[in-house]
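Below is one structure, written out as structure tokens; the observations come after it.
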Amino acid sequence: MNFQIRVPLNTSPEQYARLCALRVVFAQVCNQLAPSVQQSRVWNRVALHHLHYRALRAQFPALGSQMVCNAIYAVSKMARLIYQHPQSPFNPALKPGAALPLLRFADSCPVYFDRHTLSIKPGQLSLFTMDGRMRFDLTLEPEKLAVFEQAKLREIVLNERSDKVFELSFHLDTTEAPEPDALAEAVAQGAASVALIPEYVSVEVTP
């Protein structure tokens with residue numbers, strides 16, 4: 001069974017600015033990688049890591065090694081969704097031989113975390129920023145604590161809500177299934193083509 005636990009972050013103005021800065025650089029890494037995905041038609045996460053990790057790590061040293069890995073994951077996941085989903089209007093099977101469109105990530109894109117870049121201790125949450133760890137008080141209801149103890153953590157995503165509050169979404173699963181797959185999730189949910197592309201991603205089609 002899948003679970004999602006949302007945790008809003010009570011940020012000070014300084015903390016809010018730090019999270020915004022992290023998100024901007026995360027998007028820059030995604031946009032640096034996206035043209036290579038378009039040209040090579042390679043978006044497997046492991047392959048992208050082998051091909052591009054060292055160069056991205058050298059180009060964006062402030063982001064840290066693990067966050068660069070998370071940005072590669074973000075691009076791989078979005079490419080699989082947009083290029084491979086059977087309902088996607090940008091699936092290359094619809095136009096054999098045509099150039100793939102280019103994915104562009106806005107500065108408002110989500111930031112992916114993992115166990116290396118975010119940790120939870122009793123009453124406290126700690127997450128990576130480019131200026132050091134940021135800590136927040138964390139109070140969870142007993143039923144949510146039970147989910148954290150029993151389920152496997154699959155994904156952690158930082159988004160900014162419409163009310164300018166940053167919120168962490170923890171995706172957990174009680175099964176032993178592989179990590180989330182954007183294509184499989186969208187197919188399972190029966191996503192329509194108009195709903196495939198999130199607002200933080202634009203798709204640029206070559207004339």
Side-chain angles (χ1 to χ4, degrees), residues 2-33 45 48-49 52-53 56-78 105-174 178-182 185 198-201:
N2 296 320
F3 297 90
Q4 185 181 60
I5 296 177
R6 298 181 183 275
V7 177
L9 301 178
N10 183 20
T11 58
S12 66
E14 185 266 343
Q15 289 174 323
Y16 178 85
R18 287 168 63 185
L19 291 178
C20 287
L22 173 66
R23 184 176 56 179
V24 167
V25 177
F26 192 90
Q28 289 174 352
V29 177
C30 293
N31 287 325
Q32 182 68 27
L33 180 58
R45 179 186 184 183
L48 288 179
H49 182 93
H52 302 288
Y53 168 77
L56 292 172
R57 181 73 179 93
Q59 188 171 354
F60 299 94
L63 193 60
S65 59
Q66 192 58 41
M67 291 304 290
V68 169
C69 293
N70 292 346
I72 293 172
Y73 168 75
V75 174
S76 173
K77 180 175 181 176
M78 191 54 56
F105 292 75
D107 288 347
S108 58
C109 75
V111 178
Y112 288 84
F113 287 83
D114 57 22
R115 293 186 183 277
H116 300 285
T117 52
L118 185 149
S119 60
I120 295 177
K121 298 178 180 179
Q124 187 181 84
L125 179 151
S126 169
L127 56 81
F128 168 90
T129 74
M130 294 183 295
D131 300 306
R133 284 267 172 170
M134 188 183 296
R135 292 171 174 80
F136 298 93
D137 293 334
L138 178 65
T139 302
L140 294 175
E141 296 84 350
E143 59 270 20
K144 291 183 179 180
L145 283 173
V147 172
F148 269 107
E149 293 173 356
Q150 299 169 11
K152 183 176 179 61
L153 181 60
R154 299 292 185 183
E155 196 173 79
I156 310 170
V157 187
L158 177 72
N159 280 294
E160 185 180 5
R161 303 187 321 202
S162 59
D163 59 358
K164 302 297 182 182
V165 172
F166 276 106
E167 182 178 74
L168 287 164
S169 296
F170 294 85
H171 300 263
L172 303 106
D173 191 356
T174 56
E179 67 181 30
D181 181 278
E185 287 179 348
E199 61 181 13
Y200 61 84
V201 173

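- For the pair I156/H171, no side-chain contact is recorded, criterion being any heavy-atom separation below 4.5 Å from C-beta on.
- If you look at F113 and F128, their ring centroids are not closer than 6.0 Å.
- Nearest approach of L19 to L127, heavy atoms of both residues: CD2-CD1, 3.9 Å.
- Residue S169 holds its OG atom at 6.0 Å from CG of N159, rounded to the nearest 0.5 Å.
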- Taking it one step at a time, do F3 and D173 satisfy side chain to side chain contact (heavy atoms under 4.5 Å, CB included)? CA-CA 6 Å; F3 297 90; D173 191 356; over 6 Å; no
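- The environment of N10 atom CG is sparse: at most 12 non-hydrogen atoms of other residues, nucleotides or ligands sit within 6.0 angstrom.
- T117 and R133 get closest at one heavy-atom pair: O-NH1, 3.6 Å.
- For the side chain to side chain contact (heavy atoms under 4.5 Å, CB included) with Y53, the lone residue among L33, L48, V68 that qualifies is V68.
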- Message: Would V147 and L140 count as a side chain to side chain contact (heavy atoms under 4.5 Å, CB included) here? Give the steps.
- Response: CA-CA 10 Å; V147 172; L140 294 175; over 6 Å; no
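- Environment of CD in E143: crowded, with over 12 heavy atoms of neighbouring residues, nucleotides or ligands closer than 6.0 Å.
- Taken to the nearest 0.5 Å, the CD atom of Q15 stands 12.0 Å off from the SG atom of C20.
- Here the shortest heavy-atom pairing between R18 and G132 reads NH2-O, 3.0 Å.
- For the pair R115/Q66, no side-chain contact is recorded, criterion being any heavy-atom separation below 4.5 Å from C-beta on.
- Between P198 and M78, the shortest heavy-atom contact is CG-CE, 3.7 Å.
- Taking the side chain as every heavy atom from C-beta outward, V25 and M130 approach each other to under 4.5 Å.
- The residue from L158, D107, V111 that alone fulfils the side chain to side chain contact (heavy atoms under 4.5 Å, CB included) condition with R23 is V111.
- For the atom pair CG (L22) and CG (D131), the distance works out to 9.5 Å, reported to the nearest 0.5 Å.
- With values rounded to the nearest 0.5 angstrom, S65 atom OG is found 12.5 Å from L56 atom CG.
- Counting only N and O atoms by type, the side chains of R6 and Q4 include a donor and acceptor under 3.5 Å apart.
- Of all heavy-atom pairs spanning Y112 and N70, the tightest one is O-ND2, 3.0 Å.
- Checking Q124 against D137 by side-chain atom types alone, no donor-acceptor pair falls below 3.5 Å.
- Within the 4.5 Å cutoff, no side-chain heavy atoms of E167 are placed close to those of V7.
- More than 12 heavy atoms of other residues, nucleotides or ligands shown are found within 6.0 angstrom of CZ on R161.
- To the nearest 0.5 Å, the span separating CG on L125 from CG on L168 amounts to 6.0 Å.
- Summarising the geometry, atom OG belonging to S119 is positioned 7.5 Å from atom CZ belonging to R135; distances are rounded to the nearest 0.5 Å.
- Minimum interatomic distance between A71 and C30 (heavy atoms only, all atoms of both residues): O-SG, 3.9 Å.
- You'll find the side chain of C69 reaches within 4.5 Å of the side chain of H49, heavy atoms only.
- One N or O on the side chain of N31 and one on the backbone of F105 form a donor-acceptor pair closer than 3.5 Å.
- Ring geometry, Y16 versus F166: the interplanar angle falls from 30° to 60°, so the pair is classed tilted.
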